[in-house]
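Values below: every heavy atom of this structure, side chains too, minus hydrogens, waters and symmetry copies. None of these values were measured; they are calculated from a predicted model.
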Amino acid sequence: MGCVQSFREMCDRTKNTNVRLSLPAVCFVWQTAMIILFGVFVRYNKESDPHWIEERKINNISSDIENDFYFRYPSFQDVHVMIFVGFGFLMTFLKRYSFGAVGFNFLIAAFGLQWALLMQGWFHSLDDDGKIRIGIENLINADFCVAGCLIAYGAVLGKVSPVQLMVLTLFGITLFAVEEYIIIDLIHARDAGGSMVIHTFGAYYGLAISWMLYRPNLEQSSRLQVSVYHSDVFAMIGTLFLWMFWPSFNSAIADHGDGQHRAAINTYLSLASTVLTTVAISSLVQKHGKLDMVHIQNSTLAGGVAVGTAAEFMLMPYGSLIVGFCCGIISTLGYIYLSPFMEKYLKIQDTCGIHNLHAIPGVIGGIVGAITAAAASASVYGKEGLRNTFDFEGDFESTVPSRQGGLQAAALCVAICFGVGGGIIVGCILRLPIWRDPADDNCFDDESYWELPDDEESEPPVLHYNNHMLNQEIAQSNFNMDQK
Amino acid sequence: MGCVQSFREMCDRTKNTNVRLSLPAVCFVWQTAMIILFGVFVRYNKESDPHWIEERKINNISSDIENDFYFRYPSFQDVHVMIFVGFGFLMTFLKRYSFGAVGFNFLIAAFGLQWALLMQGWFHSLDDDGKIRIGIENLINADFCVAGCLIAYGAVLGKVSPVQLMVLTLFGITLFAVEEYIIIDLIHARDAGGSMVIHTFGAYYGLAISWMLYRPNLEQSSRLQVSVYHSDVFAMIGTLFLWMFWPSFNSAIADHGDGQHRAAINTYLSLASTVLTTVAISSLVQKHGKLDMVHIQNSTLAGGVAVGTAAEFMLMPYGSLIVGFCCGIISTLGYIYLSPFMEKYLKIQDTCGIHNLHAIPGVIGGIVGAITAAAASASVYGKEGLRNTFDFEGDFESTVPSRQGGLQAAALCVAICFGVGGGIIVGCILRLPIWRDPADDNCFDDESYWELPDDEESEPPVLHYNNHMLNQEIAQSNFNMDQK
Amino acid sequence: MGCVQSFREMCDRTKNTNVRLSLPAVCFVWQTAMIILFGVFVRYNKESDPHWIEERKINNISSDIENDFYFRYPSFQDVHVMIFVGFGFLMTFLKRYSFGAVGFNFLIAAFGLQWALLMQGWFHSLDDDGKIRIGIENLINADFCVAGCLIAYGAVLGKVSPVQLMVLTLFGITLFAVEEYIIIDLIHARDAGGSMVIHTFGAYYGLAISWMLYRPNLEQSSRLQVSVYHSDVFAMIGTLFLWMFWPSFNSAIADHGDGQHRAAINTYLSLASTVLTTVAISSLVQKHGKLDMVHIQNSTLAGGVAVGTAAEFMLMPYGSLIVGFCCGIISTLGYIYLSPFMEKYLKIQDTCGIHNLHAIPGVIGGIVGAITAAAASASVYGKEGLRNTFDFEGDFESTVPSRQGGLQAAALCVAICFGVGGGIIVGCILRLPIWRDPADDNCFDDESYWELPDDEESEPPVLHYNNHMLNQEIAQSNFNMDQK
């Protein structure tokens, strides 16, 4: 701990937020690298290649509608909305950081999805000829991968520079792809909605980075770490699009047919249940029973995170409701009691409270998934259904549900370790005094990185001028008096 | 009437808006009840069960894409957006009730859809073994059912407590399910887009409740019953998402194939036509021809309501345009002349003007549906098409179009009766002095139920301080003078 | 030029923005005309007609899911969102023109799509019996056609009356349909995403109109031609919905199967790349490296415009990235250097900078399409794939790729000519002194055409009052002094 502290101090210098060289350099160089790597590696897959028409005849596919595009494109677009509008607007709640919330979310997601296509492609979609073949499922997975980094952004919102965010994303995507490969391919865990792979990993990654970037004097920016009325309404746009489209998120890469169908139903129910318990706890702990927008904006989503892994399993409708019920309570209590505790004693400053929205529900989701998998049986799933749902094929033909439960639990540990470990390392890098992050009294302020409009509404200059004139008149009247 | 008045007076006491016990209690108890009832009753249907793969083979279904999920999921998500973002943001137009509009809409919709799955399930999806089998169509129907209650919320927006809203929803869903069973199953009327079942019922239910909750001194809150510039822009988000996705609403549960296709086209055209006549009337009746945002936000949607019943019939493209044309005019005139009249003489205070947006267009929709059904013929629909579209099968094999027209008209009457009757009874219950609703001078104010941010923008404290200082300086200068 | 100038001066009179007669008249008469024309001409096509069930049997179509509705409806809804929320909110960035941006966008799109269904129907969907048969693809094409006019609206935003916008739309749709017929049917160019047909035409049409309507004294409204903090956040809603759904826009009417699939992938990649270079240039040219919201809101979309034509071709993933890379740079530089130049020297006042967002990227898109088409070969596309993708059938069976490249280039010229020529003629008409457009010092102000709410937030009357009182007190104190 001592060495961490001294490393932190070593890195703190006078801050300068001018990113005029570093940001364009990072964007240009990395985007050029993407073009070169895509040129070398990325091609269309069978279903998006003009040879598809011949492919159809060879494989006796009766209609164009059986192209995977038509199974997944609607879900893909919903996920896309969650990534850009959902995450982006959810973070606009701060009174003067809406540009940074939406804008930097946009920037890092746009970079991240390219890098994710490559990283995930190398692990999952590499063809015999060394090419990555992409189709609609790759686009969804790239969006998923980006989600992990956007969750991490929630922890450091307002305290880092866009260059740091790009670095956070570069390493985050890389770690994600490795972690996902271990969990899905090596351990052979199932995680359709990414409770472990996306949420648990992303949240601990962000929290570890935030811990490394701890700012002891952050209260100097406390005047800006609040919302205003309309910024809270903007944030509700993000909340609602995340909430509504979460069934698509959890079902987007589930098995065709009943798999996608069931995942959507489970998520729909879990989220509905979460809303009620979130409202209940929010009202119960406040003086006068008034609701707190922070809880409504965030904790209502916990149920979606927590059914991610088990969404395509036979969780049963009431099981989904129970998961949502518990998560609404735990997440809201987390915002009330745990976040202040973590900031004070663990030195983790978590701007958006991702620990309550992603970390805890993600871990719950992993555990629920392990239990549901271990409890699976051929009588409930049917023999073919069981093999189908858990993919007991090839090397894993002999896996039994109880063993699958163990594998799911192992996967959860991998996700946590990758998140915490990766976050500490990347946090070290981000602490270097070269990234142009804002000073402690300048956090949560768009002024640092954005040209802001003159906003009459917030600072009426006319009135200052009037007061100034009044002061002069008073001085004048005093002067007049003195002369007499 | 006299007794209604005295009952009203009996119930008015000093108001207290502290819902710290009642709101959490209602949320916890009802959500727990949902879990128990779902545990006893609700299971996945064939298409969302892992046995689907065996089912496919037995029924010789060639591809997973023929799962109902792929026919309806895109429409479902659009309907979902209408319920949560559409209705929620449409009601954010008040300057200080945006949290309540979006937040309580969120709460009651999340509760309502669970209760709707049960109520509708008992009536429509009960299997031989006493279980409700749910799939994507049930989720859509649950959202539809919720829409009825959200419409009713529009009439009482800003004047009730969240606990009252929960009660309104509980009874609303129950009444809806019974009414729907009578209309669809017993009367065998068709109502794909719910002009009668959803809009007419929901609107009269809300208006009757609002009549029972009449507040003679509501003008004490008139300073808050207005919009500000940005709240009107937020409301346009709701308007547009409702307007754009209405074709999905009216086609979501229509027949596969041409039924859904035709319903979408008819709704698209009707809505387009409504926009033009709304703008025309809005400009015509104002001084200087200026447009009124209230009309643009609301009346532009009337065309979607009014083609709900007939959307899947052979209304013809020009028929849809005519319906939209008329509804734009009638709805806008309703906002200008009818709403003030109803408030003054009928003692119905209708915050969002649902009478003009849902009640009248809903009734028109029912009539249009009856006429279109009565005019149907095998020459226009084809023999199979006629049977398909009107579901002339089983007990109703011998029904002829003219008789179907009569059934549609009967269904409209049922919807109105259930709305008015149910609303009066529920209104009585909501008038009891136990619900913690706001006082007359405290309506339309989020302050009652929400922790609000300190909004510098609306009340600049710095300037007050400056003025205070100036006053002191003036006093000082006067003092100086006096001393001389 | 001299005569243009004198014509302009002739038309400038004292301005009056009262549209109380003209706007309702235009709306009523044109909507009535639509109803009559739809009654005479428009019918459902095979797939939306109740005879579809018989059609299916005749053509041996195995399932309802092969109805074109299920191939295109999700894309249609995404395009619909782009038209109404995307374009509408993108233009809300001005501090006091959000009502006009969203509201007039709504009005002209609702009118335009009806007129487009007719115009495009006459050219493309006319049946043997003289009827236009419409289905989901017609709705998408109507939305596309409207997009051209909404782009043009961007150039004249805030400077014209709603009546002028209706006229702009009427002629714009008409010109569009003719231009599209020449490009698609006569020249037989391919343009799935409309780089040429929609964007190039729409942008030059708008710019030519703006040139004709040049206002030398527009700086009198410069106080209103700025954004405020929240109006910029509203505009980001438009940006993001356009950005996210652009893959649907470019793939909506592409070929079933691999065509739609590939178009979505190419657009997704190109847009991602554009974001990074936009951010890079925006930061590079500003003092202190601060980002400018104007660039983030607009230039990030240029990549979607520029892959429109080539989206369904074998542009390859890296090709898409390169196109996006270049367009982000060019578009952002356009906002910084070209727009001021055009306003000063070419007398083109382009409120939203459509020249940088639609015109230049549209032309690039046309060129990229021509090159990609000319480079096509059977080895890359497969023999059937080549015929399929470029539609080398019927009269065009013998077309070779190199010739197709020439045709694409010819199509681009047609689009530019129609845009510029049509815009000059329509601009002449719109300059007539009868349209009730705002005076130079009254542009960009919703006050002209909208009933505005009293917005305490922007003009705090209390404080003025306080200052007034203070002045009185000062006067009093001076008076007291004088008396002594």
Side-chain angles (χ1 to χ4, degrees), chain B residues 62 65-66 70-71 74 78 226-230 232-233 236 240 243-245 248 256-258 260-262 264-265 268 272-273 275-277 279-280 283-284 286 288-293 296 300 314 317-318 321-322 325 381-382 384-386 388-389 457-458 460 463 467 470 474 477-478 481, chain C residues 18-20 23-24 27-28 31 34-35 38-39 42 44 47-54 62-65 67 69-70 73-74 77 80-81 84-85 88 92 98-99 102-103 106-107 110-111 113-114 134-136 139 230 234 449-451 453 455-457 460 463 466 470 473-474 477 480-481:
Chain B
S62 66
I65 196 99
E66 291 182 50
Y70 300 103
F71 284 91
D78 293 349
V226 293
S227 64
V228 290
Y229 195 72
H230 280 163
D232 269 329
V233 182
M236 280 305 289
L240 287 174
W243 194 91
M244 296 180 302
F245 288 164
S248 296
H256 286 179
D258 63 281
Q260 288 194 281
H261 203 152
R262 197 163 52 250
I265 294 173
Y268 175 90
S273 177
V275 175
L276 272 92
T277 50
V279 167
S283 174
L284 197 59
Q286 307 281 334
H288 304 301
K290 292 185 181 185
L291 297 170
D292 189 329
M293 260 292 169
I296 308 300
T300 50
M314 286 296 277
Y318 65 87
L321 291 183
I322 292 171
F325 189 94
Y381 288 76
E384 275 197 87
L386 189 65
N388 233 15
T389 305
E457 290 181 26
S458 52
L463 289 158
N467 286 337
L470 282 168
I474 289 164
S477 76
N478 287 344
M481 281 187 297
Chain C
N18 188 332
V19 291
R20 192 175 175 184
L23 184 59
C27 288
F28 273 128
Q31 186 58 51
M34 289 299 121
I35 291 174
F38 269 66
V42 182
Y44 302 112
E47 298 184 297
S48 56
D49 189 280
H51 291 85
W52 160 252
I53 192 164
E54 292 157 21
S62 67
S63 164
D64 271 329
I65 196 101
N67 193 307
F69 183 77
Y70 300 103
Y73 191 70
Q77 277 293 13
H80 218 39
V81 171
F84 289 91
V85 164
T92 56
S98 301
F99 288 9
V102 173
F106 195 17
L107 171 66
F111 166 69
L113 58 86
Q114 298 177 59
I134 62 170
I136 188 71
L139 306 194
H230 280 163
F234 277 119
Y449 303 110
W450 296 87
E451 297 282 338
D455 237 15
E456 276 185 39
E457 291 181 25
L463 289 157
N466 281 354
L470 283 166
E473 285 185 55
I474 290 163
S477 75
N480 289 346
M481 281 187 295

Side chain from CB out, backbone as N, CA, C, O: work out which of these in [X] comes under 4.5 Å of a heavy atom of chain C, or both, or neither.
X	value
B:E66	side chain
B:V226	neither
B:F325	side chain
B:T300	side chain

Considering all heavy atoms, the nearest [X]-[Y] contact:
X	Y	result
B:A272	C:Q31	O-OE1, 4.5 Å
C:L107	B:V275	CA-CG1, 4.0 Å
B:G289	C:N18	N-OD1, 4.0 Å
C:P50	B:Y381	CB-O, 3.3 Å
B:K290	C:W450	CD-O, 3.6 Å
C:D64	C:W52	OD1-NE1, 3.0 Å

Next item on the list: Please determine, among B:S227, B:S273, B:P74, B:G385, the option with the most heavy-atom pairs under 4.5 Å with chain C.
Entry: B:S273
Check: What option among B:D78, B:T389, B:V233, B:D292 has the most heavy-atom pairs under 4.5 Å with chain C?
Finding: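 Answer, by heavy-atom pair count under 4.5 Å with chain C: B:V233.
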So which of [options] has the largest heavy-atom pair count under 4.5 angstrom toward chain B?
options	answer
C:G88, C:G135, C:G103	C:G135
C:L113, C:V42, C:D49, C:L139	C:L139
C:E54, C:Q77, C:E47, C:Q114	C:Q77
C:V19, C:V85, C:V102	C:V85

Check: Do the ring planes of B:H261 and C:F69 sit parallel (below 30°), tilted (30 to 60°) or perpendicular (above 60°)?
Finding: tilted
Margin query: Using 30° and 60° as the class boundaries, would you call the ring planes of B:Y229 and C:F99 parallel, tilted or perpendicular?
Written below: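 Parallel, since the angle between the ring planes stays under 30°.
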Note to self: Please report whether the ring centroid of B:H230 lies less than 6.0 Å from that of C:F234.
What the structure shows: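 Yes, the ring centres sit under 6.0 Å apart.
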So which part of [X] gets closer than 4.5 Å to some heavy atom of chain B, the side chain, the backbone, both or neither?
X	value
C:Y73	side chain
C:Y70	side chain
C:N67	side chain

